A.B. asks: 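Here it is, the structure, as structure tokens.
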Amino acid sequence: MTTPTTFWRLAGMSYTQYVTRAASAMRAGLKEPAKSKAMQQEKFAYNQSVWEAGEQGKKALIETLSKAGK
């Protein structure tokens with residue numbers, strides 16, 4: 001007997017990647033005005049800073065996933 005697994009794992013995605021793609025597909029399928037309201041929820045931003053020797057460094061605004069973690 002084989003071990004059961006989820007379809008997103010079989011597709012080579014993490015759960016977070018699956019949820020993000022599913023949410024984006026759902027938002028894209030909506031009609032106006034619900035679509036533009038839902039698309040606003042897809043945007044995000046956060047501040048990133050590096051801590052060295054117990055001191056917080058300069059904050060950098062991160063607005064896209066391509067900048068995250070760099």
Side-chain angles (χ1 to χ4, degrees):
M1 187 169 158
T2 62
T3 304
T5 189
T6 55
F7 62 90
W8 45 268
R9 276 284 177 222
L10 294 173
M13 295 191 303
S14 71
Y15 180 73
T16 305
Q17 289 171 325
Y18 162 71
V19 170
T20 301
R21 287 187 184 195
S24 293
M26 187 278 308
R27 290 182 188 118
L30 292 173
K31 293 182 180 178
E32 290 298 338
K35 183 176 184 174
S36 49
K37 185 177 180 181
M39 293 303 257
Q40 291 297 318
Q41 295 176 349
E42 199 168 73
K43 296 178 182 177
F44 78 99
Y46 70 92
N47 288 318
Q48 174 183 349
S49 60
V50 178
W51 289 75
E52 294 181 16
E55 296 292 323
Q56 183 178 10
K58 183 178 176 186
K59 292 182 181 179
L61 181 63
I62 305 297
E63 294 178 321
T64 63
L65 289 176
S66 61
K67 291 182 180 178
K70 293 183 179 178

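Here the structure is a predicted model, which means the values were calculated and not measured.
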A.B. asks: Taking only residues two or more places apart in sequence or in another chain, which ones pass side chain to side chain contact (heavy atoms under 4.5 Å, CB included) with Arg21?
C.D. replies: Met13
A.B. asks: Please answer: with hydrophobic residues joined when any side-chain heavy atoms are less than 4.5 Å apart, are Val19 and Met26 in the same cluster?
C.D. replies: no
A.B. asks: State which residues pass side chain to side chain contact (heavy atoms under 4.5 Å, CB included) with Lys37; sequence neighbours excluded, sorted by chain then number.
C.D. replies: none
A.B. asks: Heavy-atom count check: over 12 atoms from other residues, nucleotides or ligands less than 6.0 Å from Gln56 CD?
C.D. replies: yes
A.B. asks: Under the side chain to side chain contact (heavy atoms under 4.5 Å, CB included) rule, collect the residues that match up with Thr16, sequence neighbours excluded.
C.D. replies: Ser14, Thr20
A.B. asks: On a heavy-atom basis, which atom in Gly57 and which in Ser49 lie closest, and how many Å separate them?
C.D. replies: O-CB, 3.8 Å
